[in-house]
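All remarks here apply to the structure that follows.
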2 protein chains.
Amino acid sequence: MITLSDVAKKANVSKMTVSRVINHPEQVTDELKQLVFSAMKELNYRPNVAAKALANNRTQVIKFFILEDIDTTEPYYMTLLFGIAKGLDEKQYAMQLITNRNFDLDYADGYIITGARGSDYEWIDRLEKPVVLFGENRNGYDYVDTDNKLGTQMATQAALAQNYANIVFIGIDVKEPFEYSREAGYINTLQQAQFMPQIHRMGNHSHASEQFITAHWSQFPPNTAFICASDRLALGVVRAIQHCGGDLPADYGVVGFDGVFLDQVSNPKLSTVKQPVTRLGELVAQMLLQKIQQSGAPQGELLVTPELIMRHTMRGGAPQT
Amino acid sequence: MITLSDVAKKANVSKMTVSRVINHPEQVTDELKQLVFSAMKELNYRPNVAAKALANNRTQVIKFFILEDIDTTEPYYMTLLFGIAKGLDEKQYAMQLITNRNFDLDYADGYIITGARGSDYEWIDRLEKPVVLFGENRNGYDYVDTDNKLGTQMATQAALAQNYANIVFIGIDVKEPFEYSREAGYINTLQQAQFMPQIHRMGNHSHASEQFITAHWSQFPPNTAFICASDRLALGVVRAIQHCGGDLPADYGVVGFDGVFLDQVSNPKLSTVKQPVTRLGELVAQMLLQKIQQSGAPQGELLVTPELIMRHTMRGGAPQT
DNA sequence: TTGTAAGCGTTATCAA
DNA sequence: TTGATAACGCTTACAA
């Protein structure tokens, strides 16, 4: 194993100079910096994270909490995790994944939390290290999320552009900010176009929306578009339209939300508001690492623009292949 | 922060005694052990992983490689990751997730690798720390996997028990051990029952199987069961049967393989061979940690029995709800 | 700007 | 069986 001392010897400087080149390069003359750099390269020096952690009183570990039932866990989180891992690896951080509520809170330099409900904020507030949430919240915590409002806005505008006469929102019946934002994007857009909003909420399962649409089929005449709060719901709507004999996409349109996995395996392929999930993961990781480096300074909120993907379930989408 | 010294002081012993109580309890008298234990409890002592790692020349990090396209990544891996994380957390290990092939191989105590192809074994062999694979392999590496052969055997036996006259296998056209095993379980069972095996292979996409079954519909008379190598394929088969007007499950049967997520969102719900994925993850983690502790001693293979879940896509399954 | 010394919390080694 | 000491690789504080 190559250590600081090895590099120092090779470059004819002290350990400290090498350490400074790494951590405070501005304090070292260019001349020495070059010497040290080439010595590091030549020896293929790798800092020892454990030693660094010990000296800094750090752990080089961040904990990622998924506070949702593992059963409801969507492939969504897989992709998110990839992104977080990527963002963490860049800075030599490792991750511990926590999925139940009786966990060890100690031993981490910071926390990324997703799926927090009201009762969780109590212990979250007691956390002594920097915290960043994944997903909108209105309690003042730093967070990263898709721009949910913009997403449904884009979807609704597309439905308007395709001249659907009725535009209905199929939402999730949870009292969470992301849902409010998605509904708001839909409502605002419709109101600007002088359309009447119409919202139906249900559990986030394809069977729920399938059943609902089928049961109320007569309420949805041809030329109706459904803006859905998730791909799961959209999937059920598509199935219901098919069973009820509706013509998709000629007479009906469906747009989902998420764009992770589910939209791909459906037939016809879903139009959807695709979240840049891997990127989101990277961004939360970066936000947390930055917050750690800045001793916990607030980072604010970060909303990332999603992408409307038009496929076979709406007029104007890519043609059926 | 509570350290070894704090505990030692409290218990009136030396640091070393405390350290020994933790790592080599058999070398300490019961009397002192009790003293130390209660001191640790009272002070709520938490070992400093970084210091431990530094002293042991360890990293307390294992790297988990998913060597598959992130696009093809199934929710499967999410669940697996949960399991691995669980197994690792128990022993204070953190994980780094690696998803591309230009990675940093250093700085880890061991590796879990999944999705390795022929060309990967070259660098895998050069790894200097313990390696455990996830997924069957026939190159002598230690691994954990579902008992794939047993899985299709169970599925095929169920189809036989339900008196389907034709039992067809829809496989994935990859040359991988897991696929061979799944085919073998099917073939062996059919041959014992004096049935003719019939295998069709294609890419692992629901659209592929949907198209294939539709195109060759006349070859599949009523009273046919399809044993599929994945839930994706099964999903496509179900859709094809529905489009072609086949009666499911009266005249046709479909069984998938995996039982992760996809089987739940389909309608009707898939019968499937469910892999205990979370458990598998825990087991790979445990196997690797054990291998590390035993300085790299071979661990062999571990095949875990899957569970046949009978639902709406086969006779004898749970009734449609 | 650079170097020296001490210390982070733990464990292996050796002596008692 | 127990304890003192040095060492793991790095960084902060201080001195040159």
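To find a chain, count down the sequence lines: A is the first, B the second, and so on, and within it residues start at 1.
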Whole-Å distance separating the [atom1] atom of [X] from the [atom2] atom of [N]:
X: A:L54; N: D:dT12; atom1: CG; atom2: P; value: 13 Å
X: B:N57; N: D:dC10; atom1: CG; atom2: C1'; value: 14 Å
X: B:D30; N: D:dT2; atom1: CG; atom2: P; value: 10 Å
X: B:L4; N: D:dG3; atom1: CG; atom2: C1'; value: 14 Å
X: A:K15; N: D:dA13; atom1: NZ; atom2: C1'; value: 14 Å

Exercise. Using heavy atoms to find the nearest nucleotide of DNA chain D for B:V28 and A:V18 separately, return the residue whose nucleotide is more 5′.
Key: B:V28
Practice problem: Nearest-nucleotide wise, let me know which of A:H24 and A:M1 is further upstream toward the 5' end of DNA chain D. | Solution: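 The residue closer to the strand's 5' end, by nearest nucleotide, is A:M1.
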Quiz item: Between A:R138 and A:E136, is there a salt bridge with N-O shorter than 4.0 Å?
Solution: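 The answer is yes: the pair qualifies as a salt bridge.
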Quiz item: Under 4.0 Å between a Lys/Arg side-chain N and an Asp/Glu carboxylate O for A:E307 and A:K274?
Solution: no
Exercise. Mind telling me whether A:Y121 and A:Y141 have parallel, tilted or perpendicular rings, with 30° and 60° as the class edges?
Key: parallel
Exercise. State which of D:dT11, D:dC8, D:dG9 makes the closest approach to the side chain of A:N48.
Key: D:dG9
Quiz item: Which of the following nucleotides, D:dT2, D:dT12, D:dC10, is nearest to the side chain of A:K52?
Solution: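 The closest nucleotide is D:dC10.
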Self-check item: Sub-4.5 Å side-chain heavy-atom contact between A:T17 and A:S14
Solution: yes
Quiz item: So do the side chains of A:F134 and A:I113 get within less than 4.5 Å of each other, counting heavy atoms only?
Solution: no
Self-check item: Closest heavy-atom pair and its distance - A:Q299, A:Q290
Solution: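 Scanning both residues completely, I find the closest heavy atoms to be OE1-CG, 3.7 Å.
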Quiz prompt | First encountered from the 5' end of DNA chain C, between B:P47 and A:E31 | solution =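 The 5'-side residue here is A:E31.
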Practice problem: By nearest nucleotide on DNA chain C, pick out whichever of B:Y45 and B:R20 is the more 5' one. | Solution: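 It is B:Y45, whose closest nucleotide lies nearer the 5' terminus.
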Exercise. Name the first nucleotide and the last nucleotide along DNA chain C (5' to 3') that come under 4.0 Å of a heavy atom in chain A.
Key: C:dT1 to C:dG9
